[in-house]
**Q** 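Dropping a structure here in structure tokens format, bear with me for questions.
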Amino acid sequence: MIRYLLRRLGQSVLTVFLTLSTVFVLVRMAPGDPAAALAGPNPTSEDLARIREQFGLDDSLLTQYWVFLRDLFTGDLGTSYSFHAPAFDVVLDRVPYTITLSAAAIALTALVAVPLGVWMARRADTKRELGANVLTIAGQSMPDFWIGVMLLTVFAVLVPVLPASGFTTWGGLVLPTVTVAVLQMALISRLVRREMVAALASPYITVARSRGVSERALTWRYALGNSAIPVLTALGTRFAAMLNGVVVVEVVFGWPGVGSLVVRALETRDYPLIQATVLVTAALAVLVQLLIDLAYPLLDPRVRLGKAA
């Protein structure tokens, strides 16, 4: 376990470093000039030159990368151009909001999608399951921004029972959570259904049924237990993706998370802020994946970390 954990930590650090380096190059190759975004309307050439010199934007790409690496290893990710504050601190202020939204969405997804997938598997190829399939396909097909706008229209305008934007009260968490969870529930429920159908058709289920094991135990203990690893992997992967910022949903609902921060950073070409955001979100995503791997032996004792099952 210790050797596996150390190896995975080393791989995680390398992954985050390569991700940061790639983003560093790509944002500087993208069209747009941070100096022009900072200077405001109608800047003079002297203003642009002064801003580029102030932030080191007139240096070569290699020189900028060396300065970036030097500051990175000292824990300094630079000062945000638009917030005039340490970029790392700006991102850390937004991370709790994104984690809250992501955790609420994945919890709602698990509570709805797993029982729904089990229900669909128990009624596979029936008319009831056909109706559930139509709903899940619709959930996969609807864009999240459209779902968000419809929810806002109904529950914040026509029947104003929930806040339209922001996170001033816990009620403000409801609409963005549902918006994010709709697609995830459709995907996870179909995955659970597929895994459960295969598990319920397995020989060990037939043997257990012949020995008099109840259908409830067959479904929830045996079949779902053996389907837990792919379901957990899917849930963890979706959760890690949410931690990178649910950009569209956060913009629609004015949610003060990492996603809306990334949009502002890209609009202003705020290189330090973009890099700090990538570092924090990549580290969180890698941590989630590591925790999922460590949970595998708890779900299936046959799994041995770092070895074949």
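All values below were derived from every heavy atom in this structure, side-chain atoms included, with hydrogens, water molecules and symmetry-related copies excluded.
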**Q** Is it the case that over 12 heavy atoms from other parts of the model lie below 6.0 angstrom from the CZ atom of Phe83?
**A** yes

**Q** Using modelled atom types and a 3.5 Å cut-off, is there a donor and acceptor pairing between side-chain atoms of Ser260 and backbone atoms of Pro256?
**A** no

**Q** Report the distance from atom CZ of Phe24 to atom CG of Leu69, rounding to the nearest 0.5 Å.
**A** 7.5 Å

**Q** Applying a strict under-4.5 Å side-chain criterion to I, L, V, M, F, W and Y, I'd like to know whether Leu183 and Phe239 cluster together.
**A** no

**Q** Is Trp66 linked to Leu72 within one hydrophobic cluster, defined over Ile, Leu, Val, Met, Phe, Trp and Tyr using a side-chain heavy-atom separation of less than 4.5 Å?
**A** no

**Q** Using the rule given for side chain to side chain contact (heavy atoms under 4.5 Å, CB included), can you reason through Val25 versus Tyr65, listing the C-alpha separation, both sets of side-chain angles and the distance that settles it, and then say yes or no?
**A** CA-CA 8 Å; Val25 175; Tyr65 185 63; 5.6 Å; no

**Q** Hey, could you give me the OG/CZ distance between Ser12 and Arg7, rounded to the nearest 0.5 Å?
**A** 11.5 Å

**Q** As an exercise, state the distance from CG of Asp58 to CG of Leu48, rounded to the nearest 0.5 Å.
**A** 11.5 Å

**Q** Could you tell me if the side chain of Val154 sits less than 4.5 Å from the side chain of Met150, heavy atoms only?
**A** no

**Q** Same hydrophobic cluster for Ile229 and Val197, using side-chain heavy-atom links shorter than 4.5 Å among ILVMFWY?
**A** no

**Q** List the steps and the verdict of side chain to side chain contact (heavy atoms under 4.5 Å, CB included) for Ile137 and Arg190.
**A** CA-CA 9 Å; Ile137 292 173; Arg190 294 179 68 83; 3.7 Å; yes

**Q** Cation over ring, Arg28 on Tyr271, under 6.0 Å and within 45°?
**A** yes

**Q** Could you report the tightest heavy-atom contact between Gln140 and Ala186, atom names first, then the distance?
**A** CG-CB, 3.6 Å

**Q** Which heavy atom of Ala223 sits nearest a heavy atom of Ile205, and at what distance?
**A** N-CD1, 4.2 Å

**Q** Describe, in one word, how the ring planes of Phe17 and Phe73 are oriented to each other, choosing from parallel (under 30°), tilted (30 to 60°) and perpendicular (over 60°).
**A** tilted

**Q** Give, for atom OG1 of Thr233 and atom CG of Leu191, the distance between the pair rounded to the nearest 0.5 Å.
**A** 9.0 Å

**Q** Is there a continuous path of hydrophobic side-chain contacts, each under 4.5 Å between heavy atoms, that joins Leu158 to Phe155?
**A** yes

**Q** Which heavy atom of Pro272 sits nearest to which heavy atom of Thr79, and what is that distance?
**A** CG-O, 3.5 Å

**Q** Can you name the nearest heavy-atom pair linking Leu273 to Thr277, along with the distance?
**A** O-OG1, 2.7 Å

**Q** What pair of heavy atoms forms the shortest contact from Arg128 to Arg123, and how long is it?
**A** NH1-NE, 3.9 Å

**Q** Determine whether Val182 and Asp144 make a side-chain contact, defined as any pair of heavy atoms from C-beta on separated by less than 4.5 Å.
**A** no

**Q** Between Arg122 and Thr219, is the side chain to side chain contact (heavy atoms under 4.5 Å, CB included) condition met? List the steps.
**A** CA-CA 8 Å; Arg122 295 294 301 174; Thr219 301; 3.4 Å; yes

**Q** Given side chains that start at C-beta, do those of Leu116 and Thr136 come closer than 4.5 Å, heavy atoms only?
**A** yes

**Q** According to a 4.5 Å side-chain heavy-atom criterion applied to Ile, Leu, Val, Met, Phe, Trp and Tyr, with indirect links allowed, do Leu187 and Val231 form part of one hydrophobic cluster?
**A** no

**Q** Is any side-chain heavy atom of Leu101 less than 4.5 Å from a side-chain heavy atom of Leu173?
**A** yes

**Q** Can you name the nearest heavy-atom pair linking Gln275 to Leu20, along with the distance?
**A** O-CD2, 3.3 Å

**Q** Taking atom CG of Leu162 and atom CG of Leu151, what is their separation to the nearest 0.5 Å?
**A** 9.5 Å

**Q** Any chance you could measure Leu284, atom CG, to Ser102, atom OG, to the nearest 0.5 Å?
**A** 9.5 Å

**Q** Taking only Lys NZ, Arg NE, NH1 and NH2, and the carboxylate oxygens of Asp or Glu, determine whether Glu215 and Arg209 approach each other closer than 4.0 Å.
**A** yes

**Q** Around atom CZ of Phe88, are there more than 12 heavy atoms of other residues, nucleotides or ligands at under 6.0 Å?
**A** no

**Q** Below 4.5 Å, heavy atoms only, C-beta onward: do Val249 and Trp255 meet side chain to side chain?
**A** no

**Q** Determine, stepwise, if the pair Leu290 / Leu9 fulfils side chain to side chain contact (heavy atoms under 4.5 Å, CB included).
**A** CA-CA 8 Å; Leu290 177 59; Leu9 287 175; 3.9 Å; yes

**Q** With a sphere of 6.0 Å drawn around OH of Tyr97, does it hold more than 12 non-hydrogen atoms of other residues, nucleotides or ligands?
**A** no

**Q** Is there a donor-acceptor pair under 3.5 Å between the side chain of Glu250 and the backbone N or O of Gly259?
**A** yes

**Q** So, does Ser21 use its side chain to make a donor-acceptor pair with the main chain of Leu18 at under 3.5 Å?
**A** no

**Q** If you measure only the distance, is there a donor-acceptor pair under 3.5 Å linking the side chains of Gln289 and Asp293?
**A** no

**Q** Would a distance-only check, ignoring hydrogens and angles, find a side-chain to backbone donor-acceptor pair under 3.5 Å from Thr98 to Val258?
**A** yes

**Q** So, the side chain of Asp270 versus the backbone of Tyr81: is there a donor-acceptor pair under 3.5 Å, distance only?
**A** yes

**Q** Partners of Tyr204 by ring-ring contact (aromatic ring centres under 6.0 Å, His included), sequence neighbours excluded?
**A** none

**Q** Are any of the side-chain heavy atoms of Met242 and Val180 separated by less than 4.5 Å?
**A** yes

